[in-house]
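Only one structure is covered here, and it is reproduced in the block below.
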Amino acid sequence: MGERLAVVSGGGTGIGAAVARALAGDGCDVLIVGRRADVLLATAERVNAECGRPGAAQAVSADLTDPEQLGGVVEAVAGRPVDVVVNNAGGYLGGDVSTLAGTAAHWRTNLDANVLTAVLLTEALRPALRRPGGRVILVSSIAAQRGGGGAYSAAKAALHGWAYDLAGQLGPEQITVNVVSPGYVAETEFFGDRMTPQGHVKRVAATLVGRAGVPDDIAEAVRYLAGPAAGYVTGQVLGVNGGSVLGR
């Protein structure tokens, strides 16, 4: 059993899976949370094989928009202090916005997937956060800073304001709260079949470093914020975007 415990939502693929690998590699036990049990189990098995610690990663299937399903996550924690919570669940969810009813459904779906999942998971685990030393990390998006994603941009921007509030609440208990805001990251399911070769080239050209990000780029930022070296960093938004949006 590892000395530290991390809970990673949206941990089955892409950025979440890379975060799980990075934290397990640092000796954490990791609970990978998501909706697709088969994908989660496969990722947990890969993480365990890579870090050489059978059982280091465990899969917990839950829809984090449903308060009743959070009990399964708390049960999986099994009374241990939680050192790190990484709220990575979410994504861009399309919808028919040709009517007001469709627009309302589209916005609610994106807010639920990107904001409510983070709020409910964090609140469910808040009593278990290690004091002192706990870490809460929210994965946002460059869209929160420059727009372009409609309801998705607004939902991710909401995480920033909430992170500032939460950092103020938990700071006196020596728990930090920070946001990692990725830019264009290839090798994920985010774009589905929406990404074109032209779109890829355009996004790469918008960076200063001339390449797309990969999930490990984001995982390394999370790894830093989750570790002891970041104990004096809280209430911050860390952009990991190749310079496509400059710090502000």
Side-chain angles (χ1 to χ4, degrees), residues 1-51 53 55-65 69-70 72-78 80-91 113-114 116-126 128-130 134-141 159 163 175-182 185 187-190 214-227 230 238 240:
M1 180 179 292
E3 294 183 0
R4 304 175 76 221
L5 174 63
V7 179
V8 180
S9 72
T13 62
I15 290 171
V19 169
R21 289 195 303 271
L23 296 181
D26 281 346
C28 290
D29 288 339
V30 184
L31 296 181
I32 305 173
V33 184
R35 293 176 299 173
R36 296 178 293 175
D38 55 339
V39 174
L40 296 171
L41 286 170
T43 298
E45 289 176 0
R46 285 195 298 271
V47 170
N48 291 336
E50 289 173 10
C51 74
R53 289 191 296 123
Q58 298 182 42
V60 183
S61 180
D63 179 348
L64 297 179
T65 66
Q69 295 192 36
L70 270 296
V73 181
V74 174
E75 183 178 346
V77 167
R80 293 180 61 182
V82 176
D83 295 274
V84 185
V85 179
V86 182
N87 289 292
N88 173 68
N114 293 286
L116 191 62
T117 53
V119 172
L120 292 182
L121 180 61
T122 302
E123 289 301 318
L125 298 178
R126 186 167 174 167
L129 286 170
R130 187 179 293 278
R135 303 282 191 263
V136 178
I137 300 165
L138 313 176
V139 179
S140 174
S141 168
L159 293 177
I175 296 170
T176 67
V177 182
N178 291 288
V179 178
V180 174
S181 179
V185 178
E187 302 176 18
T188 75
E189 297 179 341
F190 179 82
V214 295
D216 283 345
D217 290 320
I218 313 307
E220 287 301 317
V222 172
R223 186 181 194 178
Y224 162 67
L225 292 172
L238 174 57
V240 186

Donor-acceptor contact present, side-chain [X] to main-chain [Y], <3.5 Å:
X	Y	answer
Ser181	Ser141	yes
Gln69	Asp63	yes
Asn88	Gly10	yes
Thr117	Leu64	no
Asp83	Leu5	yes
Asn114	Gly90	no

Shortest non-hydrogen contact between [X] and [Y], atoms and distance:
X	Y	value
Val85	Leu121	CG1-CD2, 4.1 Å
Arg53	Gly27	NH2-C, 3.4 Å
Gly12	Val39	O-CG1, 3.6 Å
Ser140	Leu159	CA-CD1, 4.3 Å
Thr43	Ala17	CG2-CB, 3.9 Å
Gly11	Leu40	C-CD2, 4.3 Å

When rounded to the nearest 0.5 angstrom, what is the spacing between [atom1] in [X] and [atom2] in [Y]?
X	Y	atom1	atom2	answer
Arg135	Ile175	CZ	CD1	9.5 Å
Ser61	Asp38	OG	CG	9.0 Å
Ile218	Ile137	CD1	CD1	12.5 Å
Thr13	Arg36	OG1	CZ	5.0 Å
Arg46	Leu41	CZ	CG	11.0 Å

Checking side-chain contact (heavy atoms from CB on, under 4.5 Å) against [X], which of [options] comes through?
X	options	answer
Val86	Val19, Val180, Ile15	Val19
Val60	Val73, Val7, Ile32	Val73
Val136	Leu225, Thr176, Val84, Thr122	Thr122

Checklist entry - Charged N to carboxylate O below 4.0 Å: is that the case for Asp216 and Arg21? => result yes
Item to check | Side-chain heavy-atom pair Asp29, Gln58 within 4.5 angstrom cut-off | outcome: no
Next on the checklist: Is the shortest side-chain heavy-atom distance between Val77 and Leu31 below 4.5 Å?
Outcome noted: yes
